[in-house]
Amino acid sequence: MRRKLVAGNWKMHGNLVENEQLLNAIVTSLDELRNAQFAVCVPFPYLPSVQSALKPTNIIWGAQNVSQYEKGAYTGEVSASMLNDFGCTFVIVGHSERRSLFGEDNHTVAQKYIAAQRAGLMPILCVGETLEQREAGTTEQIIKEQLAAVINVAGVESVGKAVIAYEPVWAIGTGKTASPQQAQDVHAFIRSGIEAQNINIARELTILYGGSVKANNASELFAMPDIDGGLIGGASLIADDFIAICRALSN
Ligand code: PGA
């Protein structure tokens, strides 16, 4: 059965007090929801406190970035095995903010994906086109290249231990959501690309949509056949909104 998942991406937000309030609020409501998984991807320093808050609950957690290196003289970096020490299930790799603001190219993203899987973490691999690329009609080409960069080095079998998130760059944090049909078209394209290489992995693959998912548009996005959940930025910081989005998936 394909995993249905809503993952919050807190980005660089929160503090100990706010996090506790947010988690307290979502834990109780999400506890009653059964047929989907829920996760939060949090800033590194909060992993220990998030781990102890969420351990007794049905919410899982992860990080937003990981080093491509296993260990060594890499000042400021955090390795996949360090994330393992704090019980992470997921780590986001290739988020467009990492690509555009921190210079991560397809090659680095692939190395991070491999490092995550080597340590037993499940990468949430983000792909997506910019507005310029969409307007130039190159969306599929861009997505194909972003996926190929990873699959060519990690192998298609690795996708069986990953989640893919389609996040059109123009929809992230902008309030402009892809229409359900626009998102579905790209999700179907992603799935068929994987299907051509391995039909079973394609069928089981969880493909999330991300980019201005809110309480009022989640249901129609999640109703599309190839949208298996969401990667939620801004709305994951507001308990009621995040809960509503999770409910929309688990219904
Ligand atoms: P957003 O962010 O929901 O605030 O658009 C999504 C993301 O960046 O993962």
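Just the heavy atoms: all of them, side chains too, but no hydrogens, waters or symmetry mates, feed the values below. It should be emphasised that the depicted structure is a prediction, and the values quoted were computed from it without experimental measurement. One-based numbering, in listed order, for ligands and for the atoms of each.
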Candidate list R3, R2, K4, test salt bridge (Lys or Arg N to Asp or Glu O under 4.0 Å), partner D228, passing option: R2
Determine whether the side chains of H95 and Q64 contain a donor N or O and an acceptor N or O closer than 3.5 Å. no
What atoms of ligand 1 come closer than 4.0 angstrom to any heavy atom of K11? 2 (O), 7 (C), 8 (O)
We want to know whether D105 and T108 form a side-chain donor-acceptor pair, criterion being a heavy-atom distance below 3.5 angstrom. yes
side-chain contact (heavy atoms from CB on, under 4.5 Å) with V40: which of N19, I60, V50, I232? V50
Residue part near ligand 1, for N9, under 4.0 Å between non-hydrogen atoms: side chain
Geometry only, no angles: is G233 polar-contacting ligand 1 at N/O separations under 3.5 Å? yes
Regarding T138 and Q141, is there a side-chain donor-to-acceptor distance under 3.5 Å anywhere? no
List ligand 1 atoms under 4.0 Å from H95, heavy atoms only on the residue side. 7 (C), 8 (O), 9 (O)
Give yes if a backbone or side-chain nitrogen or oxygen of K214 is under 3.5 Å from a nitrogen or oxygen of ligand 1, and no if not. no
Measure the spacing between CD1 of I194 and CD of Q197 and express it to the nearest 0.5 Å. 6.0 Å
for atom 7 (C) of ligand 1, nearest protein heavy atom and its distance come out as E167 OE2, 3.2 Å
Check each atom of ligand 1 against the heavy atoms of G173 and keep those under 4.0 Å away; list them by number with element. 1 (P), 4 (O), 5 (O)
Might you work through the side chain to side chain contact (heavy atoms under 4.5 Å, CB included) test for L23 and I26, ending with a clear yes or no? CA-CA 5 Å; L23 290 178; I26 65 175; 4.0 Å; yes
Tell me whether T174 has any N or O atom under 3.5 angstrom from an N or O of ligand 1. no
Looking only at side chains, do E129 and W170 share a donor and an acceptor under 3.5 Å apart? yes
Evaluate G234 for polar contact with ligand 1, using N/O atom pairs at a separation under 3.5 Å. yes
I'd like to check which ligand 1 atoms, numbered from 1 as shown, lie under 4.0 Å from a non-hydrogen atom of G211. 5 (O)
Short list, please: which atoms of ligand 1 are under 4.0 Å from a heavy atom of A171? 5 (O)
